[in-house]
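Quick notes on the structure that follows.
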Amino acid sequence: MKKTTTLFFLVSLFLNSLSYSQINLGTTIVQHTVVASNLNVPWDMAYGQDGWIWFTELGGNIKRMNPDTYQVQQVFAISDVVLFGFSVGLHSIILHPDFNTNHYLYVHYTYSTTTSKIVRYEYDVANNTLLNPTIILGAIPAGVSHNGSRMVILNDKLFISLGDTYNNSPTAQNLNTVNGKVLRMNLDGSIPTDNPIPGSYIWTWGHRNPQGLCYGNGRLYSSEHGTGANDEVNIIEQNRNYGWPTVEGVCNTGAEITFCTANNVKEPTWSWSPSIAPCGIDLYQNTAIPEWNNSLLVAVLKDKKLIQLKLNDDGSQVVQQNMYLTNVYGRLRDVVAIPDGRIFICTSNRDYAGSPIAADDRIIELKNQALGTNNPEENKTKIYPVPSDNVLNIDSDGSISFVVLTNGEGKEVYSAKYTTSIDVSKLAAGVYYLQLLNTEKRLVDKRKIVIK
C-alpha cells in the first residue's frame, strides 16, 4: 500500500492554522475564512473549467488558487502592464468556456498611460505558464481611473464593460468611441454581424465606471460607480442608453426625464445614495446557502462590505438588500461563486485608497458550515472506493459526459469520455481532483480523490 500519512499530516496542520468566523443567517451559518494572504491588489477572479480560481493582480501577475487545498500558484507576469493613476494596470480575466480543450484565457490591461487592450493567451498546462499572446482588441483609450473592466463570455461572444476614463464623461454618449460602453465581440476580436449598431462593438452606452459584470437568469447584470451618489446595479439590454453623464440613477429630475424619454434610457434596477463604490458582482444560484439563492452578491470598496441583493423569481427586480462583513476585511474588490456553493471574495487594501494590514491583500472563503465543501444537490454521481488504489468506479445519473483527473498541482493526469471505471493503479499516492463535465464540457461537480 502507498503511504499518505505525511501528506495528511501537513494538510491537517495547514487547515488548523486557518482562522474561522461566522455569519448567522438564522437557519444557516456561513463560515468565512481567510484562505490566501500577502497578495498585491487582486482585481478580478474567474472560476475555470479546470476547477481552479484564476485571478489577476494589479501589477501584472496572473495567478490561480486551488479552492480545495488553497494552494496559490504564480502562472505568469505580463511584462508590458503599465501602472498609473488610481489603481490602473491589469484588470479583468475570463477563461474560455472550452478552456480544458483550447486552454484560452483573456485579460484586459493598460499598456501605456493612454491605452489598454484585450489579449488572449494560451495556457501551457505542462509548464504552468502562458504562451502565444494575441491582441483581441487594442488601442482602447484609458485614463487615470474609470476604466471599468469586467468580462463575461456568453456562448461564443465576449462582453466587456469599459468606463469613461475619468475626465471625459461626454465620451459615454459618443457612439464613435468604445469608452463608457459595454462591448460585445466575437472571441477572435471581430465585430458580430448581429450587433445592434452595424460595424460597431457597442452593445450599450451611457456608463460611467461599470466595475461588475455577470450573467444569470437569462440576463446580464452590471454594477456601476456613480459620483457622490447614485451607484447602480443595471440589467444590460442591447442597444440601450444608460444615461451618463446627463442621468444619474433613476430619471427623476425635469432634465433627466426629458433626456430619458428622448433617448430610450434604461433605469437601474437598484441604486445607492450616498455612494458605496460597488465593484465585482456575481449571481448566486445555489441551495448550499438557501438564504442567498438567486441573489446578486456585490463586493463593495468604499463602504467595505459584502451586499446581498435578493432577486425576484425571474431575476428582473431586487426585492431585498442585506449587508455583511462590514469593516471586517476592508475594501472588497471582487466576488465569485463556484459550483459547489462556496463563495470567494478578494480584498483591495493595497490600492491607492486602502489601509492594508500585514496580511493584505487576502482571499476569503464563505461556505455553509453544515455542508462542508459540496452542495448535496450536485452529488448525484457515486464515486467509489475512496481512497482507491487500483480502479475508481463512477456511477453517473446521466448528467456526466466527460471526466478529467488532475493532481494536486492542477496538472491533468487523465481525460476521457465518461466511463464507469478509471484505472488509477499507476498513479502516485496523493490527493487528486476528479472533474465531472457535461456534454458542453462545463463543470457539473468536482470531488477530492485520495490515491493510496
Side-chain angles (χ1 to χ4, degrees), residues 1-4 7-8 10-12 14-15 35 46-54 64-73 95-103 123 125-126 128 286-288 336-342 344 365 367-368 371-452:
M1 301 290 286
K2 302 169 186 176
K3 303 298 183 182
T4 57
L7 173 66
F8 287 129
L10 291 175
V11 170
S12 297
F14 173 73
L15 292 176
V35 295
Y47 183 74
Q49 192 186 72
D50 61 347
W52 289 63
I53 294 172
W54 291 69
R64 64 178 192 158
M65 185 186 77
N66 186 313
D68 296 314
T69 65
Y70 313 121
Q71 175 193 16
V72 174
Q73 294 180 346
L95 277 64
H96 193 286
D98 204 16
F99 178 80
N100 280 349
T101 300
N102 58 33
H103 306 302
Y123 178 52
V125 178
N128 192 33
N286 203 301
T287 58
V336 62
I338 70 174
D340 65 19
R342 286 179 292 161
F344 293 83
E365 175 195 67
K367 66 181 181 182
N368 184 338
L371 297 181
T373 59
N374 291 317
N375 179 356
E377 289 195 354
E378 296 187 1
N379 292 338
K380 298 176 182 178
T381 300
K382 184 178 180 182
I383 300 173
Y384 61 94
V386 178
S388 180
D389 55 2
N390 291 309
V391 174
L392 190 65
N393 297 305
I394 308 173
D395 290 345
S396 172
D397 63 351
S399 62
I400 307 303
S401 298
F402 301 91
V403 293
V404 176
L405 193 64
T406 61
N407 63 18
E409 297 180 349
K411 292 186 177 180
E412 191 174 288
V413 297
Y414 177 87
S415 177
K417 290 185 177 180
Y418 166 70
T419 180
T420 56
S421 63
I422 301 176
D423 182 0
V424 295
S425 61
K426 295 181 181 180
L427 296 178
V431 175
Y432 294 79
Y433 298 91
L434 183 66
Q435 300 169 42
L436 308 174
L437 313 178
N438 62 16
T439 56
E440 298 177 344
K441 292 188 176 180
R442 296 183 183 274
L443 189 69
V444 174
D445 197 0
K446 180 181 177 182
R447 309 286 183 86
K448 182 186 294 185
I449 302 298
V450 176
I451 306 298
K452 62 182 181 180

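Counting only heavy atoms from C-beta outward, the side chains of Ile338 and Lys367 never approach each other to under 4.5 Å. Using a 4.5 Å cut-off on side-chain heavy atoms (C-beta onward), Ile394 and Val403 make contact. By the 4.5 Å heavy-atom criterion applied to side chains, Asn393 and Pro385 are counted as neighbours.
Here His96 pairs with nothing under the ring-ring contact (aromatic ring centres under 6.0 Å, His included) rule; sequence neighbours left out. For Phe99, the ring-ring contact (aromatic ring centres under 6.0 Å, His included) partners are Trp54, His103, Tyr123, not counting sequence neighbours.
Among all heavy-atom pairs drawn from Trp52 and Pro67, the shortest one is CA-CD, 4.0 Å. Here the closest non-hydrogen pair linking Gly341 and Ala288 is CA-CB, 3.8 Å. Between Gly430 and Tyr432, the closest heavy-atom pair is O-CD1, 3.5 Å. The minimum heavy-atom distance linking Leu95 with Ala46 is given by the pair CD1-CB, 4.3 Å.
With hydrogens and angles disregarded, no donor-acceptor distance shorter than 3.5 Å links the side chain of Asn66 to the backbone of Gln71. Judged by distance alone, the side chain of Arg447 and the main-chain N or O of Thr381 form a donor-acceptor pair under 3.5 Å. No donor-acceptor pair closer than 3.5 Å links the side chain of Asn438 to the backbone N or O of Ser401. Remark: the backbone N or O of Lys382 is not paired with any side-chain donor or acceptor of Asp395 at under 3.5 angstrom. Using modelled atom types, no side-chain atom of Gln435 and backbone atom of Val404 make a donor-acceptor pair closer than 3.5 Å. At distances below 3.5 Å, not a single donor-acceptor pair connects side-chain atoms of Tyr70 with backbone N or O atoms of Glu365.
Considering Leu405, Ile449, Leu392 in turn, Leu405 is the only one that fulfils the side-chain contact (heavy atoms from CB on, under 4.5 Å) rule with Leu427.
Gln49 and Asn100 share a side-chain donor-acceptor pair at under 3.5 Å.
Expressed to the nearest 0.5 Å, how far OG1 of Thr287 lies from CG of Asn368 amounts to 9.5 Å. A distance of 9.0 Å separates CG in Asn390 from NZ in Lys452, rounded to the nearest 0.5 Å. Put simply, NZ on Lys426 and OH on Tyr414 are 13.0 Å apart, with the number rounded to the nearest 0.5 Å. A distance of 13.5 Å separates OG1 of Thr420 from CD1 of Ile400, quoted to the nearest 0.5 Å. To the nearest 0.5 Å, the span separating OG on Ser388 from CD1 on Ile422 amounts to 9.5 Å. To the nearest 0.5 Å, the span separating CD1 on Ile451 from CG on Asp389 amounts to 8.5 Å.
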